[in-house]
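Here is the structure we will look at, set down as C-alpha cells.
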Number of protein chains: 2
Amino acid sequence: MRILIVEDEPTLGKQLKSTLEQNGYAVDLSTDGEDGHFLGSTEEYDAVILDLGLPEIDGLTVLGMWRKEGRKFPVLVLTARDSWSDKVAGLDAGADDYLAKPFQTEELIARLRALIRRASGNTSSELTAGPVRLDTRSGRVTLDGEPVKLTAQEYKLLSYLMHHKGKVVSRTELIEHIYDQDFDRDSNTIEVFVTRIRKKLGADVITTIRGLGYSLDDPDEQPRAN
Amino acid sequence: MRILIVEDEPTLGKQLKSTLEQNGYAVDLSTDGEDGHFLGSTEEYDAVILDLGLPEIDGLTVLGMWRKEGRKFPVLVLTARDSWSDKVAGLDAGADDYLAKPFQTEELIARLRALIRRASGNTSSELTAGPVRLDTRSGRVTLDGEPVKLTAQEYKLLSYLMHHKGKVVSRTELIEHIYDQDFDRDSNTIEVFVTRIRKKLGADVITTIRGLGYSLDDPDEQPRAN
DNA sequence: TCCTCGACGATCAGGATGCGCATGGAGGGG
DNA sequence: CCCCTCCATGCGCATCCTGATCGTCGAGGA
C-alpha cells in the first residue's frame with residue numbers, strides 16, 4: 001500500500017514517514033501544497049494524509065482540486081484541535097476521516113488501516129482467500145492456520161492483491177502501489193515475488209492472466225476453476 | 001509499559017513515579033491538567049493515573065476530552081474523598097477504575113496491572129509463550145520453570161512483547177512504550193536488548209521480521225513456522 | 001489437427017545493499 | 001564500587017534486485 005503525506009512541518013513529516021514505512025507502507029512525503037497536489041494527481045496512492053495548515057496553497061484547496069479532478073483515494077485530514085469550521089469544510093471538500101493534532105501515531109495507523117480497508121470494500125481487518133488468511137492488524141499471514149513467514153516485500157504484494165481480491169491487477173499497478181516514487185519500473189521484481197509467494201502459499205493462490213496481470217481469487221466464492 | 005501520572009501534588013506525584021519505575025514501568029509525570037491532557041493526547045501510554053482534584057482544569061474534564069478525542073488507554077482515577085458523585089461522574093466520563101485517597105501503593109500497582117492486562121486482552125496475570133513464563137504480579141520470569149534474572153529494560157521489553165503476543169511490533173512502537181518522553185529515538189538500544197533477552201531465554205523466543213519489527217510467537221498455539 | 005513460432009511469464013543464481021547482530025567501552029545511577 | 005544502560009563500530013547475512021535462461025501459452029498457417 002502506498003501513502004502520500006502532505007505535511008509542511010519537516011520533523012513531523014519525516015517521523016510519520018518512517019513510522020509508516022516500518023509498518024509496511026510505501027510512503028512519499030511532500031512538504032508543500034503545490035508539490036503535494038502534483039504528486040497526488042500523477043501518482044497512484046491508496047491513501048493520503050493531508051495537513052490542512054499548509055503554506056501557499058491551503059490543504060482544503062488541494063483536496064478540493066483532487067476531488068474535482070476525480071481522484072478517489074481516501075484522504076485523512078490533520079486539523080488543528082477544536083476547529084469545527086475546518087471539519088465541516090473538510091467534509092464538504094471530500095475528506096474521509098479526521099485526526100486532530102496532536103495525535104498518537106498508533107491511532108493514525110489504525111485509522112489509515114481502516115480507511116484503506118473501507119476503500120477496498122472490506123469490512124474486517126482479516127482478509128481471507130481460500131486457505132490463506134492475512135491479518136492487517138498484526139501483520140501476519142497463515143496458510144490453513146499455519147503461520148507463514150513472509151518478507152516485507154512479499155507481504156506488501158500479497159496485501160495489495162488481497163485488498164483487491166477477484167480483480168485483475170496489472171504489473172504496473174502493483175509496482176505503483178508497492179514501491180514509492182523512485183523505483184526503476186523496468187524490472188521483473190514483481191514476477192520474482194509472485195514466484196516466492198506461490199512457493200510459500202501454493203501455486204494456485206495467485207492466478208496469472210496473460211497480457212493483463214495477476215488476480216487473486218477466492219475459491220470459496222468461485223467454486224469452478226477457470 | 002508506559003504510564004502517565006497526572007497529579008498536582010508534587011510529593012505524591014514523584015513518589016508514585018519512582019515507585020512505578022521501580023516496578024518496571026516507564027513513567028511520565030504531569031502536575032497540571034492542561035499539560036497532562038496534552039501528553040495523553042500526543043504520547044503513547046498503556047495506562048493513565050489521573051487525580052481528579054486538579055487546579056485549572058478538572059481531572060474529569062481532562063478525561064472527558066480524551067475520550068471525546070478517542071483515546072482508549074485505561075484510566076485509573078484517584079479521588080480525594082469517598083464522594084459518590086465523583087465516582088458516578090467519573091464512570092460517565094470513561095474511567096476504568098477507582099482508588100480513594102489515601103491508598104496503599106501496593107493496591108495502586110495491583111489495580112494498574114489489572115487494567116493493563118485487561119486492556120491487552122489477557123485474562124491471567126501470568127503470560128506464557130512456549131517455555132517462557134512471565135508473572136506480572138511478582139515481576140519474575142522463568143524459563144522451563146527455572147527463574148531467569150532480567151534487568152529492568154529487558155523486563156520492560158519482554159513484557160510489552162508478551163502483552164502483544166503474536167503481533168508484529170515495530171521498533172518505534174517499542175521505543176514509545178518502553179521509554180518515557182525524553183529519549184533519543186535514533187539508537188540501536190532495542191536491538192541490544194533483544195539480543196540480551198535472546199541470550200537469556202533462547203534465540204527463538206523473539207522472531208525478527210526484517211524491515212518491520214519483532215514478534216513474539218507462542219509455539220504451543222502455532223506449532224511450526226515455514 | 002498438428003506444428004511452428006513469437007511473446008510473455010517463470011525460474012534460477014549471482015551479487016549489492018542495507019538491516020540487524022555482536023561486542024566493547026563510556027557514562028551514570030544505585 | 002559495581003552493574004546497568006546506552007552508544008559506536010564492524011561484520012555477517014537475509015533480502016532484494018538483476019539479467020539470463022528456460023518454460024509455456026496461444027495464434028496462425030499448412
Side-chain angles (χ1 to χ4, degrees), chain A residues 18 21-24 26 148-158 161 168-175 178-180 182-216 225-226, chain B residues 14 17-19 21-27 139 141 148-158 161 168-175 178-216 225-226:
Chain A
S18 95
E21 279 171 348
Q22 280 199 32
N23 277 269
V148 177
K149 263 178 83 178
L150 294 187
T151 68
Q153 302 294 337
E154 290 164 6
Y155 178 81
K156 285 187 202 173
L157 178 40
L158 179 67
L161 284 177
V168 177
V169 181
S170 72
R171 210 167 311 114
T172 56
E173 184 178 345
L174 279 172
I175 288 178
I178 287 174
Y179 295 95
D180 55 22
D182 18 60
F183 179 76
D184 179 21
R185 273 119 196 277
D186 295 336
S187 84
N188 67 342
T189 41
I190 298 296
E191 279 118 310
V192 172
F193 284 114
V194 168
T195 302
R196 287 244 171 90
I197 294 175
R198 280 181 174 151
K199 258 190 193 153
K200 293 188 178 180
L201 298 179
D204 49 348
V205 174
I206 300 175
T207 314
T208 304
I209 288 96
R210 279 218 148 211
L212 291 179
Y214 298 99
S215 147
L216 193 146
N226 294 346
Chain B
K14 284 182 187 167
K17 178 171 155 76
S18 94
T19 307
E21 279 171 349
Q22 282 181 32
N23 276 268
Y25 296 102
V27 182
V141 176
V148 177
K149 255 183 85 180
L150 293 188
T151 69
Q153 297 294 68
E154 289 164 7
Y155 179 81
K156 285 187 206 173
L157 179 39
L158 180 66
L161 283 177
V168 177
V169 182
S170 72
R171 214 166 304 114
T172 56
E173 185 177 343
L174 279 172
I175 289 178
I178 287 174
Y179 292 96
D180 53 25
Q181 249 184 312
D182 19 59
F183 181 76
D184 177 21
R185 273 123 191 275
D186 294 335
S187 88
N188 66 343
T189 41
I190 297 295
E191 278 124 303
V192 171
F193 285 114
V194 168
T195 304
R196 289 252 167 80
I197 294 175
R198 280 182 176 149
K199 264 191 189 148
K200 293 187 178 178
L201 298 179
D204 48 347
V205 174
I206 300 174
T207 313
T208 304
I209 290 99
R210 279 219 155 207
L212 290 180
Y214 296 99
S215 149
L216 192 146
N226 293 346

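Proteins come first, then strands; the chains are lettered A, B, ... in the order of their sequence lines, and each starts at number 1.
- Here D/dC17 presents its C1' atom at 10 Å from CD of A/Gln153, a figure rounded to the nearest Å.
- Here CD1 of A/Ile178 is found 4.5 Å from CD1 of A/Ile190. Values are rounded to the nearest 0.5 Å.
- Residue A/Leu212 contributes atom CG, which lies 14 Å from atom C1' of C/dA7 at whole-angstrom precision.
- The residue among B/Val194 and A/Glu191 whose nearest nucleotide of DNA chain C lies closer to the 5′ end is A/Glu191.
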Find every protein N or O atom lying less than 3.5 Å from an N or O atom of nucleotides 23-25 of chain C, and list the pairs.
{"from": "C/dT23", "atom 1": "OP2", "to": "B/Lys199", "atom 2": "NZ", "distance (Å)": "3.2"}

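- Side-chain proximity of A/Thr151 to D/dT15, D/dC7, C/dC21: nearest is D/dT15.
- Residue B/Glu21 contributes atom CD, which lies 14 Å from atom C1' of D/dT5 at whole-angstrom precision.
- How far OH of A/Tyr214 is from CD1 of A/Ile209: 10.0 Å, rounded to the nearest 0.5 Å.
- Distance CD1 (A/Ile190) to P (D/dT18): 11 Å, rounded to an integer number of Å.
- OP1 or OP2 of C/dG9 sits under 4.0 Å from a side-chain N or O of A/Arg171.
- A/Lys200 places its NZ atom 12 Å from the P atom of D/dA14, with the value rounded to the nearest Å.
- Between the side chain of A/Lys156 and the backbone N or O of A/Gly24 there is no donor-acceptor pair closer than 3.5 Å.
- Of the residues near DNA chain D, A/Arg210 and A/Tyr179, the one whose nearest nucleotide (by heavy atom distance) lies more toward the 5' end is A/Tyr179.
- Contact annotation: the side chain of B/Val205 never approaches that of B/Leu161 to less than 4.5 Å [non-hydrogen atoms, C-beta and beyond].
- Side-chain atoms of B/Lys200 and B/Thr151, non-hydrogen and from C-beta on, do get closer than 4.5 Å to each other.
- Of the candidates A/Ile197, A/Val194, A/Val148, A/Glu154 forms a side-chain contact (heavy atoms from CB on, under 4.5 Å) with just one, namely A/Ile197.
- Between A/Tyr214 and C/dC8 there is no side-chain N or O to OP1 or OP2 distance below 4.0 Å.
- Of the two residues contacting DNA chain D, namely B/Thr208 and B/Phe193, the nearest-nucleotide position lying further toward the 5' end is that of B/Phe193.
- Across B/Arg210 and A/Ala152, no two heavy atoms sit closer than the pair O-CB, 3.9 Å.
- For A/Leu150 and D/dT15, the CG to C1' distance is 13 Å, given to the nearest whole Å.
- Atoms CD1 (B/Ile197) and C1' (D/dC4) sit 14 Å apart, rounded to a whole Å.
- Between the NZ atom of B/Lys149 and the C1' atom of D/dC3 there is a distance of 9 Å, given to the nearest Å.
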